[in-house]
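Below: the structure, in structure tokens.
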Amino acid sequence: QVLESGGGLVQAGGSLRLSCLASGRISSLYVMGWFRQAPGKEREFVAGITGRGGSTLYADSVKGRFTISRDSAKNTVFLQMNNLTPEDTAVYYCAADKRRVPTSRSRDYDYWGQGTQVTVSS
């Protein structure tokens, strides 16, 4: 099971921190990823992190603004989002997979959360 939290409404230029708690059969060694889907658009990759947090992957659109991290002891992944713009408005989904390296393809992830809404006002 994967459960996101931390979404909300923020003004442009502001920050939010999303959390994703994994439980059940999802090991702390699983790759975790964040995706987002804006209204009328396809789901897109945001960031991914390896099981031990040693390697990360980011979409070009968020590099330098978003940071993914994890607390393996708590089996929780975070997405720190800074300098938000209205274009970041979307439902953000956390995903997990037993592979060792994060990918940007949503079909590579087996476990998904319900999503959390992030709205950035101009």
Side-chain angles (χ1 to χ4, degrees):
Q1 183 177 356
V2 176
L3 182 64
E4 308 96 335
S5 62
L9 173 64
V10 64
Q11 290 186 333
S15 298
L16 278 176
R17 188 191 196 207
L18 305 183
S19 298
C20 172
L21 174 64
S23 61
R25 65 178 63 188
I26 300 175
S27 163
S28 61
L29 296 179
Y30 278 27
V31 157
M32 301 290 291
W34 286 98
F35 289 77
R36 66 186 181 185
Q37 188 166 17
K41 296 186 177 181
E42 293 187 354
R43 188 170 299 188
E44 65 173 359
F45 173 76
V46 176
I49 190 166
T50 54
R52 298 191 184 278
S55 181
T56 56
L57 180 67
Y58 293 95
D60 289 342
S61 59
V62 305
K63 280 181 181 177
R65 300 188 300 124
F66 290 12
T67 302
I68 188 171
S69 62
R70 72 189 300 162
D71 182 337
S72 295
K74 297 181 179 180
N75 210 3
T76 300
V77 174
F78 306 98
L79 186 67
Q80 178 66 43
M81 306 185 294
N82 298 328
N83 195 20
L84 287 160
T85 73
E87 288 69 36
D88 295 314
T89 295
V91 176
Y92 283 70
Y93 297 91
C94 182
D97 192 76
K98 60 181 179 295
R99 65 183 59 242
R100 294 184 178 274
V101 179
T103 78
S104 61
R105 297 184 297 266
S106 60
R107 65 176 182 270
D108 289 341
Y109 293 79
D110 286 336
Y111 302 94
W112 290 84
Q114 294 299 308
T116 184
Q117 176 71 46
V118 171
T119 303
V120 184
S121 63
S122 58

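The chain is numbered in sequence order, starting from 1.
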Legend entry - Met81 and Asp88, any side-chain heavy atoms less than 4.5 Å apart: no
Inset, instruction - Taking the side chain as every heavy atom from C-beta outward, state whether Val46 and Val62 have any atom pair closer than 4.5 Å. - result: yes
Inset, instruction - Output yes when a side-chain donor or acceptor of Gln114 lies under 3.5 Å from a complementary backbone atom of Leu3, and no otherwise. - result: no
Inset, instruction - Keeping the roles fixed (side chain from Glu4, backbone from Cys94), state whether a donor-acceptor pair exists under 3.5 Å. - result: yes
Inset, instruction - Would you mind telling me which of Asp71, Ile68, Leu18 makes a side-chain contact (heavy atoms from CB on, under 4.5 Å) with Phe78? - result: Asp71
Inset, instruction - Name the orientation class of the two ring planes belonging to Phe66 and Tyr92 (parallel below 30°, tilted from 30 to 60°, perpendicular beyond 60°). - result: tilted
Legend entry - CD/Gln1: more than 12 non-hydrogen atoms of other groups inside 6.0 Å: no
Legend entry - Arg52, CZ: over 12 other non-hydrogen atoms inside 6.0 angstrom: no
Legend entry - Nearest-0.5 Å distance, CZ of residue Arg17 to OG of residue Ser5: 9.5 Å
Legend entry - Single-linkage hydrophobic cluster, 4.5 Å side-chain cutoff, Ile49 and Phe45 together: no
Legend entry - Leu79 versus Ala47, closest heavy-atom pair with distance: CD1-CB, 4.2 Å
Legend entry - Minimum heavy-atom distance between Arg36 and Glu44, given as atom pair plus value: NE-OE2, 2.6 Å
Inset, instruction - Give the ring-plane orientation class for Phe35 versus Trp112, where under 30° counts as parallel, over 60° as perpendicular and anything between as tilted. - result: tilted
Inset, instruction - Might you point out which heavy atoms bring Ile26 and Tyr30 nearest each other, and give the distance in Å? - result: CG2-CD2, 3.7 Å
Legend entry - Reported OG1-to-NZ distance for the pair Thr56 and Lys63, which is rounded to 0.5 angstrom: 9.5 Å
Legend entry - Non-hydrogen side-chain atoms of Tyr93 and Val2 separated by less than 4.5 Å: no
Inset, instruction - Kindly compute the distance separating CG (Leu84) from OG (Ser121), expressed to the nearest 0.5 Å. - result: 10.5 Å
Inset, instruction - Kindly compute the distance separating OG (Ser19) from CZ (Arg70), expressed to the nearest 0.5 Å. - result: 13.0 Å
Legend entry - Side chain proximity check, Pro102 to Thr50, heavy atoms < 4.5 angstrom: yes
Inset, instruction - Specify the closest pair of heavy atoms between Met32 and Ala22, including all atoms of both residues, with the distance to one decimal. - result: CE-CB, 4.2 Å
Legend entry - Heavy-atom closest contact (Tyr109 atom, Thr103 atom, distance): OH-O, 2.7 Å
Inset, instruction - State, with a plain yes or no, whether a side-chain heavy atom of Thr89 is found less than 4.5 Å away from one of Gln117. - result: yes
Inset, instruction - Heavy atoms only: give me the nearest Asp110-Lys98 pair and the separation to one decimal. - result: OD2-NZ, 3.8 Å
Inset, instruction - Answer with yes or no whether the hydrophobic clustering places Val10 together with Trp34; edges join I, L, V, M, F, W, Y residues whose side-chain heavy atoms lie under 4.5 Å apart. - result: yes
